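Single-structure report; data block below.
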Amino acid sequence: MSASLSATTFGLNAVAATRATSSPRTYVASLPVPRTADECDHLLEVTRRRMLSPEARPFFARELARFLGAESTVWSRERRETLREVLAAAGESAIDAVLEAVAQTSRADVSDEAEAVLRDVVSRSPAIMPALCRRFQQATSPAARASSIRALRGMDARPARTLLEALNDADLEVRDAAATALGRHGGLEAKTYLVRRLARERNEIVRESIQTALEELGGD
Amino acid sequence: MTSADVRKTRTGSPSSRSLVDEERELVVAAIACLRASDDPVDLLEVPREVVERYGPITSTSGTTPLPAANELHRSLDWDAETLERLASDLFDASAAATRTKPADVRAAVRKLDPNAVEGERARAFVEAQRAKK
């Protein structure tokens, strides 16, 4: 399939995608990659409008999440900020979309942007935090689990059970993220669990994170 | 290579030598501003001459909120196979990332002039860190 790159048909493609059916599962058209600043602005505007519809939201959130970490020159800092804002407005749909993007690539810039979106989603609607904790438990990708934890550690509320569970994850990146998060959230329980984990943790990176977390907590 | 190792592998060699301390601090601050977080920052430094054995290094502007750091940004516009080969070789050579701890990340951010930071969110983050000083 050849994708048109003009700004006009770019918008029409997106509109056609939403009109194709009433079932999100049958949205099959992918948004074309924007090649110019105008196409990029148009993509963001069209998706912003389309995501007002709850039915279309999961599809467009997934489509937009493909552009997290985009390195093309059209994705300026301002447009990347707008991309994150539009995604965050998708609420729970954004959680699945960005974690899927993280699972597909382990690039740090994708994870950083994904985590910024997740933090924004929860700060806009704190009631979504349990959903993010559930996604952590359900995710099979270690990178997605780690991103969930890194997003949670920016929260004022304390999803302690999830963080403690993450401290014993099979993947070192997840344990590393959990140690830093617990150092941030504090509390006697956090300190106790960190000390226990340190006693049996063999990975040097994670051990260092636990020690740093204990320092931040004022422990030893 | 584990995802944690990949996470620590940032493409781009900011200069022909290893980063000098000021540049490293600037890059760390830029990443922190981008994240709006004082989470640890892991950097894997690879000498330019090593990277050039695999392909050309392209100078491109970064998109962090710190223009000064963006000037240090470089891209590796290679096919996936070449990038994978570099990553595998680095892994085989046990190349290790250097971690900047949260306290040092905060210190790097506090040195920034908020007026030199682009974007409301990043500027607010810098101002909040400086207020904690």
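Predicted model, so just to flag it, every value in this text is computed and none were measured. These numbers come from the heavy atoms of this one structure, side chains and all, not from hydrogens, waters or symmetry mates. Letters A, B, ... are given to chains in the order of the sequence lines, protein chains preceding strands, and every chain is numbered from 1.
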Using a 3.5 Å cut-off and no angle test, enumerate the donor-acceptor pairs between side-chain atoms of residues 121-128 of chain B and protein atoms at least two apart in sequence or in another chain.
{"residue": "B/Arg121", "atom": "NH2", "partner": "B/Arg35", "partner atom": "O", "Å": "3.4"}
{"residue": "B/Arg123", "atom": "NE", "partner": "B/Pro114", "partner atom": "O", "Å": "3.4"}
{"residue": "B/Arg123", "atom": "NE", "partner": "B/Val117", "partner atom": "O", "Å": "3.1"}
{"residue": "B/Arg123", "atom": "NH2", "partner": "B/Val117", "partner atom": "O", "Å": "2.9"}

Separation of [Y] [atom2] from [X] [atom1] (nearest 0.5 Å):
| X | Y | atom1 | atom2 | value |
| --- | --- | --- | --- | --- |
| B/Leu83 | A/Arg107 | CG | CZ | 10.0 Å |
| A/Asp109 | B/Leu34 | CG | CG | 8.5 Å |
| A/Arg119 | B/Ser37 | CZ | OG | 5.0 Å |
| B/Asp39 | A/Asp112 | CG | CG | 9.0 Å |

(message) Heavy-atom count check: over 12 atoms from other residues, nucleotides or ligands less than 6.0 Å from A/Arg202 CZ?
(response) no
(request) Go through the atoms of A/Arg79 and report whether side chain, backbone, both or neither lie under 4.5 Å from a heavy atom of chain B. (result)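 When you check distances to chain B, no heavy atom of A/Arg79 falls under 4.5 Å.
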(request) Check whether B/Thr64 gets within reach of chain A through its side chain, its backbone, both or neither, counting any heavy atom under 4.5 Å. (result) backbone
(request) Indicate the atoms forming the closest heavy-atom contact of B/Asp38 with A/Arg184, along with that distance. (result)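 Looking at all heavy atoms of both residues, the shortest contact is OD1-NH1, 2.7 Å.
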(request) Please report the closest heavy-atom contact between A/Thr212 and B/Pro102, naming both atoms and the distance. (result) CG2-CD, 3.7 Å
(request) Report yes if the side chains of B/Thr63 and A/Ser76 come closer than 4.5 Å at any heavy-atom pair, otherwise no. (result) no
(message) Quick test of your reading of the model: are B/Glu118 and A/Arg80 salt-bridged, counting only N-O distances below 4.0 Å?
(response) no
(message) Please evaluate residues A/Ser209 and B/Arg99 with respect to the criterion side-chain hydrogen bond (donor to acceptor under 3.5 Å, both in side chains), reporting the C-alpha separation (whole Å), side-chain torsions for both, the decisive distance (0.1 Å), and the verdict.
(response) CA-CA 10 Å; A/Ser209 286; B/Arg99 169 162 290 193; 2.5 Å; yes
(request) Start with the C-alpha distance between A/Glu208 and B/Lys101, add both sets of side-chain angles, then the distance that settles side-chain contact (heavy atoms from CB on, under 4.5 Å), and finish with yes or no. (result) CA-CA 10 Å; A/Glu208 194 183 315; B/Lys101 293 181 179 182; 3.9 Å; yes
(request) List in chain and number order the residues that pass ring pair (Phe, Tyr, Trp, His ring centres under 6.0 Å) with A/Phe136, two or more places apart in sequence or in another chain; answer none if no residue qualifies. (result)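 Listed in chain order: nothing, the list is empty.
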